[in-house]
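Quick notes on the structure that follows.
Proteins get letters first, then strands, A, B, ... in listed order; numbering begins at 1 in each.
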Amino acid sequence: MSWFSDLFGRHTKNDAKQRLEVMLIHDRGIFDNADLEQMEKEILAVVKRYADIETGAAEICTDKLDNGRLLLSIRVPVRGQKSRR
Amino acid sequence: MAGQCIVVTSGKGGVGKTTITANVGYALASLGKKVLLIDGDIGLKNLDSVLGLERRVVYDLFDVITNRIELEDALVKDKRLPDNLFLLAASQSHFKEDVPEEKFSEVVEEAKELFEYVLVDSPAGIEHGFRISSRFADRAVVVTVPEVPSIRDVDRVVGLLENYRVSVDGVVVNRLNQTLVRQGNMLSPQDILDLLEIPLLGVVPEDTLIVQAVNQGDPLIYKYPNSAVGRAYTNIAHKLLDPEYVPQETKKSRGFWSLFGFLRGEG
Ligand SMILES: Nc1ncnc2c1ncn2[C@@H]1O[C@H](COP(=O)(O)OP(=O)(O)OP(=O)(O)O)[C@@H](O)[C@H]1O
Ligand SMILES: [Mg+2]
């Protein structure tokens, strides 16, 4: 019976696995846009204390890693040393 | 005594949290640990009846947090393991929201002074009841059945537990049906591990013996310690005590232990 269903039956567990893979990646998108914007502001405020940065060109974004985890990255172009008074 | 609090939780309801809390708690107590089980499902309460202790409950969590009685005097002693296993029952006449977080935290802290292991049976969901049961735990056991909605909820709950800084021991896959797995019609424990990012703590087969044990008012592990399910609970207890623990393979039980093959790196 088992080899029979192995050969001819539908392996519903594969459906389950594929559906879960998609769901989990989607669910793990943990930040909404308002969160990201606020976080960017706060992070830039800190970096500004240490370097002269191009605030307008800064970028914060999330990516999916191969293992399904989320990668949070921030790109901040730095002009140079912080200007001293 | 600087005990540890372990929450048994799941997100999705009805997947086996209460059964696992009772049986794994019993197994830990049988292994000589001093164990308190707290029923965190305030308003419903199940743990007392799974343990068959319902007639002996006089006081509950609510009496403790309202200072009507000292924690020690509110506990029900399990006569099957009288020195090691105790229950703090939930109240049926209150709602989860009636229990303030800081009060629950005080109970957990006090219980950790008296016991080596404090197991909290969390209610389903991710609302207040889950939050108070989980927040003050040191460690968590997350329960799932091998089905899509339950596994999805585990992932969500693990994220919340990480936010609470609770260390997740791993997932227990409950109600596994080997026949369905062999047919390719049920996710195997390995499939589930591939999807989630937490270790496997144990696999409990689907078994109607559970119904018989609950009918009789005894935890399955007390009645049928050598059944496959009974041994699964004991193994989870061992793994909680020692994450490196590897279940021993015995002739009689090879079919079942083969489930654990991949734990030993065979799969
Ligand atoms: N391994 C198993 N085999 C068969 N039946 C089981 C198994 N584990 C649990 N059950 C049954 O599943 C049902 C739900 O179990 P339980 O009450 O422990 O779940 P729960 O997660 O605590 O539920 P809730 O979310 O409502 O608190 C019960 O009827 C129980 O007897
Ligand atoms: Mg329950």
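- A distance of 9.0 Å separates CG in B/Asn185 from CG in A/Asp15, rounded to the nearest 0.5 Å.
- Among residues at least two apart or in separate chains, side-chain hydrogen bond (donor to acceptor under 3.5 Å, both in side chains) pairs with a member in residues 97-106 of chain B are B/Glu101-B/Arg131.
- Within 6.0 Å of the CZ atom in B/Phe95, the count of heavy atoms belonging to other residues, nucleotides or ligands does not exceed 12.
- Counting heavy-atom pairs under 4.5 Å between each of B/Leu180, B/Leu187, B/Val181 and chain A puts B/Leu187 at the top.
- Here the side chains of B/Arg152 and A/Met23 are in contact, with some heavy-atom distance below 4.5 Å.
- One distance of note links NE2 of A/His11 with CD of B/Gln183; it measures 9.0 Å at 0.5 Å rounding.
- Residues passing the ring-ring contact (aromatic ring centres under 6.0 Å, His included) test with B/His238, sequence neighbours excluded: B/Tyr245.
- By the 6.0 Å contact criterion, CZ on B/Arg139 is enclosed, its count of non-hydrogen atoms from other residues, nucleotides or ligands being greater than 12.
- Smallest separation of non-hydrogen atoms from A/Glu21 and B/Leu195: CG-CD2, 3.5 Å.
- Listed here is the closest heavy atom pair of B/Asp194 and A/Lys17: OD2-NZ, 3.2 Å.
- Atom CG in B/Leu196 sits 6.5 Å away from atom CG in A/Leu24 (nearest 0.5 Å).
- Between A/Arg19 and B/Val148, the closest heavy-atom pair is NH1-CG2, 4.1 Å.
- Crowding of B/Arg165 atom CZ: a count of heavy atoms from other residues, nucleotides or ligands under 6.0 Å not exceeding 12.
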